[in-house]
Protein chains: 2
Amino acid sequence: MKFSTRTTYGLRALIKLSEKFGKNNVSLASISRDEHISLKYLEQIFSSLKKANLVKSEKGATGGYSLVKKPEEITIFEIIEILEKDMNLFRCIDQHGKVNCNFKCNCGATKVLINVQRAINDTLKGMSLKDLI
Amino acid sequence: MKFSTRTTYGLRALIKLSEKFGKNNVSLASISRDEHISLKYLEQIFSSLKKANLVKSEKGATGGYSLVKKPEEITIFEIIEILEKDMNLFRCIDQHGKVNCNFKCNCGATKVLINVQRAINDTLKGMSLKDLI
DNA sequence: AAAATACCTACTGTTTTAGTTGGTATTTAA
DNA sequence: TTAAATACCAACTAAAACAGTAGGTATTTT
């Protein structure tokens with residue numbers, strides 16, 4: 001189990017935006033330089049973040065991205081949910097935490113798996129972007 | 001982010017063993033039937049679990065697998081650590097929770113990532129196989 | 001002797017990942 | 001008004017990981 005580079009890079013980039021919250025825009029070019037991340041890849045990541053209404057953008061020479069909400073209002077869970085393509089930790093549990101087993105097995109395992117998923121989610125919901133500055 | 005089928009199947013199978021702890025061996029054939037998991041795949045999974053000394057086995061007609069420790073002494077973290085091939089959630093953090101960034105960047109991000117990793121690990125360490133029966 | 005089990009090694013199709021490539025559109029500053 | 005800097009968009013691709021399959025051998029009980 002590993003977070004994708006999308007998620008990792010996204011988190012790192014959002015930390016940059018948090019530091020400049022209420023001040024400047026942050027350009028992807030500057031993040032690319034500072035964090036050694038491919039500019040084109042960052043563009044894709046920020047496309048997702050913008051669609052999810054987590055960041056807003058301005059074009060042009062002084063353009064760039066900024067957070068839509070305060071850092072303390074953005075949870076790590078929220079970010080991961082946007083960037084990670086599949087946040088269902090187990091096959092037999094769907095996005096809403098309900099059992100969705102192919103074989104309609106009546107094993108007790110799904111209960112545990114649901115608890116594991118919930119525990120991790122709660123942990124991530126308890127952490128915000130502010131918890132780092 | 002998703003747990004591999006190895007981990008998911010392994011957890012489900014270990015639940016079976018927990019139920020029979022102190023009583024019978026559990027054969028992989030019976031798990032395969034009950035849980036609709038490929039027998040050959042289960043064999044691979046249990047090979048890892050045995051190497052890690054989490055289960056022991058007996059051959060022959062009444063053979064099968066059983067837990068080496070009590071269910072309450074086996075944490076979910078322990079199981080996942082064995083079955084999941086890579087438990088480093090982020091690239092820039094190694095197994096021991098230390099920063100290992102290719103570019104030796106001095107960004108503050110790694111601190112957060114370490115906290116995320118630790119929070120999830122602690123959650124999983126707090127759950128045992130017993131928490132389901 | 002047969003059946004049931006564990007145990008071992010190698011192979012493989014599919015999917016996902018981690019980007020790359022090649023552009024267009026908009027805004028600012030010289 | 002032109003150049004530079006930015007965001008924005010869509011398609012492609014090599015490599016790695018995943019999720020098994022295949023074909024056996026070894027041991028123990030009935």
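Chain identifiers are assigned alphabetically (A, B, ...) following the order of the sequence lines, protein sequences preceding nucleic acid strands; residue numbering begins at 1 within each chain.
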Across nucleotides 13-18 of chain C, 5' to 3', mark each nucleotide with B, S or - according to how protein heavy atoms within less than 4.0 Å reach it.
----SB
For [X], side chain to side chain donor-acceptor pair (under 3.5 Å) partners two or more places apart:
X	result
E84(A)	S4(A), T7(A)
T123(B)	T123(A)
K85(B)	none
N25(B)	E58(B)

Counterpart residues, side chain to side chain contact (heavy atoms under 4.5 Å, CB included), relative to [X] (two or more places apart):
X	value
N115(A)	R118(A), M127(B)
L28(A)	I31(A), L39(A), L42(A), E43(A), F46(A), Y65(A)
S38(A)	K40(A), Y41(A)

Atom-pair distance (CG on L39(A); P on dT21(C)), nearest Å:
13 Å
At a 4.0 Å cut-off to heavy atoms of chain B, the contacted part of DNA chain D spans dC18(D) to dT30(D)
Within residues 45-53 of chain B: residues closer than 4.0 Å to DNA chain C (heavy atoms)
K50(B)
For residues 71-78 of chain B, run the donor-acceptor check on the side chains, cut-off 3.5 Å, and write out each pair with its distance to 0.1 Å, sequence neighbours left out.
{"residue": "E73(B)", "atom": "OE1", "partner": "K70(B)", "partner atom": "N", "Å": "3.4"}
{"residue": "T75(B)", "atom": "OG1", "partner": "E78(B)", "partner atom": "N", "Å": "3.0"}
{"residue": "E78(B)", "atom": "OE1", "partner": "T75(B)", "partner atom": "N", "Å": "3.2"}
{"residue": "E78(B)", "atom": "OE2", "partner": "K69(B)", "partner atom": "NZ", "Å": "2.7"}

Counting only side-chain nitrogens and oxygens, does S27(B) get under 4.0 Å of the OP1 or OP2 atom of dA6(C)?
no
Could you go through residues 48-55 of chain B and list every donor-acceptor pair under 3.5 Å that involves a side-chain atom there, pairing it with any protein atom two or more places apart or in another chain?
{"residue": "S48(B)", "atom": "OG", "partner": "R6(B)", "partner atom": "NH2", "Å": "2.9"}
{"residue": "K50(B)", "atom": "NZ", "partner": "S57(B)", "partner atom": "OG", "Å": "3.0"}

